[in-house]
Amino acid sequence: MSGDGTMTDRSRMRRPESSRDKTDIISDKQEYTPELTEEISRQQSRSGSLLTSEPEKPRLKRALKARHLTMISLGGTIGTGLFLASGASVANAGPGGALIAYALIGLMVFFMMECLGEMATYLPISGSFNNYAGRFVDPALGFALGWNYWYNWAVTVAVELTAGAMVMEFWLPNFPGAVWSVIFLLLILSLNLFSVKGYGEAEYWFALLKVLVVIVFIFLGILVDTGVLGGTYYGIETFKYGGVQGLGILSTFLTAGFSFQGTELIGVAAGESENPRKNVPKAIKQVFWRILLFYILAIFIIGLIIPYDDEMLLKGEVTDIAVSPFTLVFQKSGMDAAAHFMNAVILTTVLSAGNSGLYASSRTLYDLALERKAPQFFTKLTKNGIPIYCVLATAIVGMLAFLTSLFGNGVVYAWLLNISGVAGFIAWLGIAASHYRFRKAYIAQGYNIDDLPFKARIFPIGPIFAFAVCSFVLVGQGYDAWSAEEVSAPDLIACYLGIPIVLCLFFGYKFTMKTKLVPLEEVDLDTGREEIIAHTIEMEDRKQYDPLEGVSIFKPNTWNRIPRNLISWRDAVNN
């Protein structure tokens, strides 16, 4: 090693990173941070070694970068809930009431994501929700939450196939909708079957388009409100006219909660993140504030320009693209082609949600199989690290659910949708409960909280608040059904059917397998950590000897490194 700390060992430069003996990497542990070195020592003392002599088997590939994680979560959240349902929220609760509802639900999501961030950074595994619940609370809870979450996203695939066909009817009303659904299914299947990086790239560009549309909408809305575009000055009079519409806030809580579902996808994708210790906390911090900012600002703009009692806001179906609140604001700015533009955006939203749904449900099913809570053939991976049978089985179930919308009066399909919506809130309940138990177990087993890679703030208030709000939403989500002038038993049952299904899964597994609440001292905090620690070391090692690491034309140190890097590259070529 030279005087300035630069490694000049040519054998290291000559040998590809993938071919280096991993014992070399472990022996270099003194070169890394004290926290990482201490973690290595602890894992070695518990498991004997981070390495095994067995031949390496196919496994999930850690190919998702920080930008992928950020956009995956954004793409799973910014969708029809913002582009369509935001109008109904303003109509029901008034602009002020809608802001209150979205802000409070947003605060709950913030705490939920903090809980998830702490666990997913410490133990980044695919299909994490059921795994955390099974380890930290009760194996029966892990079983119930796993199948609940798999079902949630499998049905989402069916929803998006239906929505995609409806969107295409806007342009081609006489073309068979089922054909479009098949085409879209094949598209998202192709994105998920070849590599996780392909899924990540597709979701990155899908989400980026949606983000750009929201940003353009906010700027255009400001110009319309101030009279720069459209020729009419709105100011805050329309917003004051709508105000807060009393009980309408309750139903808007539900709408806001459904709109934010998808933020937890970071926890699923953490198992295939390139550097979860760094990328997961970064993505969680960025995603929450961006989503909250987009939703709050977008609803504020809608409330400034569109009166809350405008009948167009009450139409929030996918088939009513022409009256999306975004479309109405675009039209007031003078964009005559606003309906076509928003239709294209909604189509992108549909494909993005279907893409994310197939990914999330297949990884959840894969993790269930690894825990022997699903048939073992679902553990089969391709050489590219894709759980092939999980993807195909989820696609088939999604297609079967879609077919229920084509027959009869669609009652079965409507029930599937209601159960799916409830499933998202149940997953959030599971995240909050799992984090509470994780932190308690971490302390009970003598670990130092300051050693966590990412630490959730104001524990235990965060998970308790998230759990309480989710419980309130689950109880109140049938408000429209039981407050109607004539209460319909089928509608009421449809609202709450998802809850007894999860309870049946929980108690069925509990009584069959005779599981119990895991004592804090026996909670497994280590299984699976060996792989991520070794991977982190390898990532740090690769950066340390990569001449391009940290290179930027805006950093003076980059120019100082040029002569040294040229020498390194020359030696690598010559040897």
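Residue numbers run from 1 in the order of the sequence given.
- The 12-atom threshold is exceeded at CZ of Phe377, counting heavy atoms of other residues, nucleotides or ligands nearer than 6.0 Å.
- A donor and an acceptor atom, one from each side chain of Ser352 and Lys210, are located under 3.5 Å apart.
- Side chain of Glu203 to main chain of Asn355: no donor-acceptor pair is present (N/O by atom type, distance under 3.5 Å, no hydrogens or angles).
- Contact annotation: the side chain of Ile388 never approaches that of Leu381 to less than 4.5 Å [non-hydrogen atoms, C-beta and beyond].
- The environment of OH in Tyr389 is sparse: at most 12 heavy-atom neighbours from other residues, nucleotides or ligands sit within 6.0 Å.
- Side chains of Glu264 and Tyr149: a donor-acceptor N/O pair is present below 3.5 angstrom, by distance only.
- For the residue pair Tyr151 / Trp147, no side-chain donor-acceptor distance below 3.5 Å is found, with atom types taken as modelled.
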Begin from the C-alpha positions of Phe219 and Val214 and carry the test side chain to side chain contact (heavy atoms under 4.5 Å, CB included) through to its verdict.
CA-CA 9 Å; Phe219 279 106; Val214 176; over 6 Å; no
Verify side chain to side chain contact (heavy atoms under 4.5 Å, CB included) between Val391 and Leu358, making sure each step is shown before the conclusion.
CA-CA 7 Å; Val391 174; Leu358 189 56; 4.1 Å; yes
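- Considering CD1 of Ile396 and CG of Leu185, their distance stands at 9.5 Å, rounded to 0.5 Å.
- Taking each heavy atom of Val157 and Gly357 in turn, the nearest pair found is CG2-C, 3.8 Å.
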Evaluate side chain to side chain contact (heavy atoms under 4.5 Å, CB included) for Ile105 paired with Val473, printing each intermediate quantity in order.
CA-CA 10 Å; Ile105 292 294; Val473 172; 4.2 Å; yes
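- A distance-only check finds no donor-acceptor pair linking the side chain of Asn152 to the backbone of Asn148 [under 3.5 Å].
- Atom-to-atom distance recorded for Glu114:CD and Met119:CE is 12.0 Å, nearest 0.5 angstrom.
- With values rounded to the nearest 0.5 angstrom, Ile386 atom CD1 is found 5.0 Å from Arg363 atom CZ.
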Mind running ring-ring contact (aromatic ring centres under 6.0 Å, His included) on Phe239 and Phe300 for me, showing each step along the way?
CA-CA 8 Å; Phe239 190 93; Phe300 181 63; 5.5 Å; yes
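- Looking only at side-chain heavy atoms (C-beta outward), Asn130 and Thr364 come within less than 4.5 Å of each other.
- In terms of heavy atoms, Glu160 sits closest to Gly354 at CG-N, 3.6 Å.
- Residues Ile249 and Gln245 fail the side-chain proximity criterion, which asks for heavy atoms closer than 4.5 Å.
- By the 30° and 60° cut-offs, the orientation of the rings of His340 relative to Trp171 is parallel.
- With hydrogens and angles ignored, the 3.5 Å screen pairs a side-chain donor or acceptor of Ser333 with a backbone N or O of Phe330.
- For Phe143 and Phe506, the ring centers are positioned 6.0 Å apart or more.
- Taking CD1 of Ile299 as the reference point, atom CG of Leu82 lies at 7.0 Å (rounded to 0.5 Å).
- Using a 4.5 Å heavy-atom cutoff, the side chains of Val469 and Leu107 are not in contact.
- With sequence neighbours left out, the side-chain contact (heavy atoms from CB on, under 4.5 Å) criterion links Cys390 to Ser362, Leu365, Tyr366, Phe378, Pro387.
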Would Met168 and Phe175 satisfy side chain to side chain contact (heavy atoms under 4.5 Å, CB included), going step by step from the backbone distance to the final call?
CA-CA 9 Å; Met168 293 306 298; Phe175 196 85; over 6 Å; no
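- Within the model, atoms CG of Asp310 and CD1 of Ile302 stand 11.5 Å from one another, a figure rounded to the nearest 0.5 Å.
- When all heavy atoms are compared, the tightest approach of Phe326 to Ala298 is CZ-CB, 4.2 Å.
- Summarising the geometry of Asp225 relative to Leu304, their closest heavy-atom pair is OD1-CB, 3.6 Å, with the distance given to 0.1 Å.
- Remark: the backbone N or O of Pro139 is paired with a side-chain donor or acceptor of Lys373 at under 3.5 angstrom.
- Side-chain contact between Leu351 and Phe184 is present, with heavy atoms from C-beta onward closer than 4.5 Å.
- Taking all atoms of both residues into account, the shortest heavy-atom contact from Val502 to Ala144 is O-CB, 3.8 Å.
- Counting only heavy atoms from C-beta outward, the side chains of Trp428 and Phe467 never approach each other to under 4.5 Å.
- The structure places CE of Met108 at 6.0 Å from CZ of Phe425, a figure rounded to the nearest 0.5 Å.
- With a 4.5 Å cut-off on side-chain heavy atoms, Ile306 and Lys332 count as touching.
- Contact record, Ser86 with Pro325: OG-CG, 3.6 Å, taken as the closest heavy-atom pair.
- Two residues are said to be in side-chain contact when any heavy atoms from C-beta on lie closer than 4.5 Å; Trp205 and Leu208 meet this criterion.
- For Phe260 and Tyr295, the distance between ring centers is under 6.0 angstrom.
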